[in-house]
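For reference, the structure is listed below as structure tokens.
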Amino acid sequence: MRVVLLGAPGAGKGTHCKRIADRYGVAHLSSGDILRRERAEGTDLGKKAQSYMDAGALVPDDLIVEMMSKAIRQASAGYVLDGFPRTVNQAEVLDQSLAAQKTGIDMVVNLRVSEGVVLERITGRRSCPKCGAVYHVKNMPPKTAGVCDGDGTPLVQRPDDTEEVVRNRLETYYRQTEPVVDYYKAQRTVHDTDADGDPDIVAATIFRKLDPLVRKQARRSMA
Ligand code: AP5
């Protein structure tokens with residue numbers, strides 16, 4: 001199963017990609033998480049990406065495409081893409097590279113979120129630097145405040161989650177990433193999903209779209 005999850009900053013891409021990965025046993029490939037890992041490890045890519053991320057701008061396409069192509073090649077059991085593609089150029093390169101391997105994206109889901117909820121969600125987000133689990137101080141708090149439920153690691157706030165940077169990220173989204181939704185809509189069905197509501201309801205809506213796809217793929221592989 002190869003799925004793309006689109007959405008503005010704070011739409012819940014990371015939250016729901018993790019649930020999709022757990023339910024269907026596919027890899028959760030988050031361009032933002034991979035970049036943050038590269039930064040933490042002090043690699044060349046991490047150093048090059050740092051200033052763009054801190055400003056809420058996009059990291060250049062060539063760096064991202066190389067990084068994500070490598071992650072996709074390694075995900076032999078399928079994947080859900082989180083934060084990639086984020087420009088029309090990235091979407092075109094992805095399509096070309098999958099077509100060359102005689103595959104393609106099975107489903108595109110677009111999480112639609114109101115601008116009003118984005119700021120509250122992002123400034124309240126806390127994440128686990130070890131396993132990547134995402135919490136919210138009010139909406140999805142961990143069992144013990146400030147500590148990851150899964151591995152007990154102290155939770156952190158992302159440096160790009162300040163109000164000023166979030167505004168830049170939103171502006172970048174409208175200018176460079178919303179056209180990706182139109183790019184996909186011109187060639188296929190895009191499953192628009194209301195992501196303002198309760199996370200369990202949003203997840204159930206996504207699973208209702210993905211379950212039949214997974215059943216169909218299972219039937220095909222048994223035939
Ligand atoms: P990235 O890490 O991808 O950030 P983003 O797209 O801005 O998305 P977020 O991670 O902020 O939000 P999300 O939709 O995952 O929401 P989440 O589930 O955490 O990218 C960071 C940077 O890396 C970019 O700015 C750029 O510089 C660079 N980059 C990454 N990919 C790139 C690419 N392809 N090209 C170029 N540059 C790239 O949820 C947010 C909060 O809300 C959480 O606290 C969560 O608990 C809560 N929440 C989620 N859903 C709900 C709900 N339904 N109800 C209540 N609360 C909820």
Side-chain angles (χ1 to χ4, degrees), residues 4-21 28-39 45-46 48-69 71-72 80-91 93-94 109-114 116-128 132-142 148-149 155-162 164-178 180 193-206:
V4 171
L5 208 69
L6 300 170
K13 300 182 296 297
T15 300
H16 294 294
C17 282
K18 179 155 190 359
R19 293 182 185 205
I20 291 169
H28 171 191
L29 303 182
S30 158
S31 47
D33 285 351
I34 299 174
L35 287 169
R36 280 183 284 279
R37 247 188 335 262
E38 296 278 344
R39 279 181 68 162
L45 171 58
K48 284 181 189 153
Q50 185 154 346
S51 59
Y52 299 98
M53 296 174 81
D54 287 345
L58 294 188
V59 175
D61 281 352
D62 53 338
L63 297 179
I64 294 291
V65 164
E66 190 185 337
M67 175 185 94
M68 292 307 288
S69 302
I72 286 170
V80 52
L81 296 177
D82 167 1
F84 177 82
R86 222 172 174 106
T87 63
V88 170
N89 179 49
Q90 290 178 16
V93 174
L94 174 64
V109 176
N110 181 35
L111 297 180
R112 294 168 66 95
V113 68
S114 318
V117 306
V118 164
L119 204 61
E120 188 271 340
R121 278 194 189 173
I122 290 190
T123 50
R125 169 170 49 200
R126 301 291 182 272
S127 33
C128 174
V134 177
Y135 302 89
H136 188 279
V137 289
K138 277 196 234 139
N139 307 335
M140 282 184 266
C148 179
D149 292 346
L155 301 178
V156 295
Q157 188 166 17
R158 275 170 42 180
D160 61 343
D161 276 355
T162 61
E164 191 197 345
V165 180
V166 172
R167 291 198 192 284
N168 288 343
R169 282 159 58 195
L170 271 174
E171 200 197 302
T172 303
Y173 169 80
Y174 291 127
R175 203 166 12 96
Q176 293 180 269
T177 307
E178 233 178 22
V180 176
T193 305
D194 177 5
D196 275 354
D198 182 274
D200 290 338
I201 294 174
V202 179
T205 308
I206 297 172

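All ligand and atom numbering here is 1-based and tracks the order in the structure. FYI, the numbering just counts along the sequence from 1. Computed from a predicted model, the values in this text were never measured in an experiment.
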Can a non-hydrogen atom of [X] be found less than 4.0 Å from any atom of ligand 1?
X      : result
Gly7   : no
Arg158 : yes
Ala55  : no
Arg36  : yes

Carboxylate-amine/guanidinium contact Arg126 Asp161, below 4.0 Å: no

NZ/NE/NH1/NH2 to OD/OE distance under 4.0 Å, Arg39 and Asp54: yes

Over 12 non-hydrogen atoms of neighbours within 6.0 angstrom of CZ in Arg112: no

Option with minimal heavy-atom separation from atom 3 (O) of ligand 1, where the choices are Arg86, Lys13, Gln50: Arg86

Below 3.5 angstrom, do we get any N/O pair linking [X] and ligand 1?
X      : result
Arg169 : yes
Ile122 : no
Val59  : yes
Pro85  : no
Tyr135 : yes
Gly10  : yes

Residue that, paired with Asn89, satisfies side-chain contact (heavy atoms from CB on, under 4.5 Å) out of Leu94, Asp61, Val180, Val65: Asp61

